[in-house]
Number of protein chains: 2
Amino acid sequence: MLGRPRKFDENGAREVAMQLFWAKGYEATSLSNLLAAMGISKSSFYQTFESKHTLFEQCLNQYRDILVSTMSEGLANAPTPMMFIKHALVDVANDTNDPLGRRGCLMMNTASEFSQRDSNIARCVEAGIQATKDIFLQAVKAAQADGDISSNTRADILADYLVTVVSGLKSQVKAGASRKQIINTAEFSVRTLQEMA
Amino acid sequence: MLGRPRKFDENGAREVAMQLFWAKGYEATSLSNLLAAMGISKSSFYQTFESKHTLFEQCLNQYRDILVSTMSEGLANAPTPMMFIKHALVDVANDTNDPLGRRGCLMMNTASEFSQRDSNIARCVEAGIQATKDIFLQAVKAAQADGDISSNTRADILADYLVTVVSGLKSQVKAGASRKQIINTAEFSVRTLQEMA
DNA sequence: GTAATATAGGACCAATTAGTCCAATTTACA
DNA sequence: TGTAAATTGGACTAATTGGTCCTATATTAC
C-alpha cells in the first residue's frame, strides 16, 4: 500500500451522512451541513465520495442493509413470528420520542422527495421495500403455520398490508400523531390479523 | 372600485400553484416554475401573493378545504357509510394511473418535507389530518349504527386506523406499488373492518 | 530520500435561488 | 382628463448551491 492512509473512518462518515439525510432529506442537507457533520474537508469529501448524489445512494443502500438485517434478526430472535409482527408495528410508537426527531423512514422519505424524478433512486427504493416485504412474507407464512394468523388470506397480500400499515404509521408520526395514537392503531392492526376469519 | 382591475384569476392561479406544489414539493418548485405555470409576471406574483411561502400556505389550506368537502360530499352521497369507507380506500388505486404523476397527498408530502422545521406548517398539516379523521369518525359511527362494523372497537381508534391505512396506501403509490397491490391491500383493509369480532 | 497518497483550506466558478425595485404601459372609473 | 391601480419586463441583490482546482503540508511504504 502506497501513500498516506486515510485518517477518518469512511464508513463512520457515511453513517453520519445517512443520519443527516434521514433527518433532513436530500435537498435540505447541504454540502456544508455534510462537511460539518462528517468532520472532513471538501477535498476529502470529493476524493472519497465522488459527489453528494453518489454518497446519498450509498447511504440509501446502507440504510436498506441495516433495516433488512435488523428485521431479519428480529424475526429470528422473536419468541414467535406473530410476536415479531406485533413488535414491528407497535415499536413505531417509539419514533414519537426519538431525540433525533420524527424522521420517519429514509426509504419512504426518499420515495416522497424524489423517486418521481430519478429512476435510479426509484429502483433503489422499490428494491428496499421489496426486501422488507419479503421478511414480512416469511413471518406471515410462519405465523399462518403456527395458526396465529388464518390462512384464508394469501400471505403476500398480508405482507403488502403490513408494509402499508407500517408506512402509514411512520407517516402519521411525521405528521404529528401522539404516541398513544400510534400504539392504538398498531395494536388494532395486529388484532385484525389475529381475528380475521 | 379604483384603478385597473386584476386581469388574471387569482383563485385559478392559486389552483395551478397548488397542483405544482402537490406534484413536486415546496423546495423543488422554483419561482420560475410557478410564474411559468401561473402565467403571470414576477411583479404580479409578489403584489398578489406576498411570497412563495405565503402562497404555499394558502395552497395547503385550499387543498385541505377541497379534500374535506370532497370527502363530506362522498359520505353524504354514498349508498351507505360503509360504501363510502370502502371507496375511500380502494379509490387510492386510481392514483397509480394519474397522468399528473404519483403525487400522493399534498398534506402528507408536506409533513414529510418540512413540518419538522416549520411549526406553522406543522399545525396546518395536523389540522388537515384531524379534519379528514373527523369525517372518517362520522362514517365509522354511522357504519357501526348500521351494523356494518362491529361496535367492539372504539370508533375513534377505527378512524385513526383508516387515516393510517390511507396514508400508507398513498405512500406505497409514491414508492411504486402496482394498481393491483393497492387494490388488494385496500380491499383487505375493508374486510378487516367488516369481519372484526 | 522518494514516490504516492491524504489532508486542510481557500480561491474560484457558473448557476440558481427568492426577492426588490423601477420604468413604462394599460385599464378602469369618476 | 386625471387618478388609481394592475400589468410586464428587466435590472439588480445577496446568498447559496454543488463542484473544481490549486497549494501546502502531512504521513506512510519502499
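Note that the structure is predicted; figures quoted are calculated from it, not measured. Residue numbers begin at 1 in each chain, while the letters A, B, ... track the order of the sequences. These values consider heavy atoms only, across backbone and side chains, with no hydrogens, waters or symmetry-generated copies.
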**OP:** Hey, which sits more toward the 5' end of DNA chain C by its nearest nucleotide, Ser43(A) or Gln47(A)?
**Re:** Gln47(A)
**OP:** Consider the side chain of Ser44(B), meaning its heavy atoms from C-beta on, and name the nucleotide among dG18(D), dT8(D), dA18(C) that approaches it most closely.
**Re:** dT8(D)
**OP:** Please determine, for the side chain of Arg6(B), which listed nucleotide (dT7(C), dT7(D), dA18(C)) has the closest atom?
**Re:** dT7(D)
**OP:** Assess Lys52(B) against Phe45(B): is NZ or CZ under 6.0 Å from the centre of the six-membered ring, and within 45 degrees of the ring's axis?
**Re:** no
Original post:
Starting at CE of Met38(A) and ending at C1' of dA8(C), how long is that distance when rounded to a whole Å?
Top reply: 15 Å
**OP:** Return the nearest nucleotide to the side chain of Thr48(B); candidates are dT7(D), dG18(D), dT17(C).
**Re:** dT7(D)
Original post:
Between Arg4(B) and Asn33(B), which is nearer to the 5' end of DNA chain C once each is assigned its nearest nucleotide?
Top reply: Asn33(B)
**OP:** Run the salt-bridge test on Arg102(A) and Asp95(A) with the 4.0 Å N-O cut-off and return the result as yes or no.
**Re:** no
Subject >> Interatomic distance, Thr192(A) atom OG1 to Leu158(B) atom CG [nearest 0.5 angstrom] >> reply: 10.5 Å
Subject >> 5' priority, DNA chain D, between Lys42(B) and Gly39(B) [closest heavy atom] >> reply: Gly39(B)
Original post:
Among dT7(D), dT17(D), dA6(C), which nucleotide sits nearest the side chain of Lys7(B)?
Top reply: dT7(D)
Original post:
With a 4.0 Å cut-off on heavy atoms, is Ser30(A) in touch with a base, just the backbone sugar-phosphate, or nothing at all?
Top reply: sugar-phosphate
**OP:** Please report, rounded to the nearest Å, how far the C1' atom of dT7(D) is from the OH atom of Tyr46(B).
**Re:** 17 Å
**OP:** Starting at atom CD1 of Ile40(A), determine the distance to atom C1' of dG9(C), rounded to an integer number of angstrom.
**Re:** 14 Å
Subject >> Atom-to-atom span, CG of Leu35(B) to P of dT8(D) - whole angstrom >> reply: 10 Å
Original post:
Rounded to the Å, how far apart are Lys52(B) NZ and dT20(C) P?
Top reply: 14 Å
Subject >> From Ile182(B), Asp91(B), Val90(B), residue fulfilling side chain to side chain contact (heavy atoms under 4.5 Å, CB included) relative to Leu169(B) >> reply: Ile182(B)
Original post:
Rounded to the Å, how far apart are Glu27(A) CD and dT17(D) P?
Top reply: 11 Å
Original post:
What nucleotide among dA28(C), dG18(D), dT7(C) has an atom nearest to a side-chain atom of Pro5(B)?
Top reply: dA28(C)
**OP:** Let me know the distance between CG of Leu31(B) and P of dA15(D), rounded to the nearest Å.
**Re:** 19 Å
Original post:
Mind checking whether Phe56(A) and Tyr63(A) have ring centres under 6.0 Å apart?
Top reply: no
Original post:
Within this structure, what is the CZ-to-C1' distance between Phe49(B) and dA6(D), rounded to whole angstrom?
Top reply: 13 Å
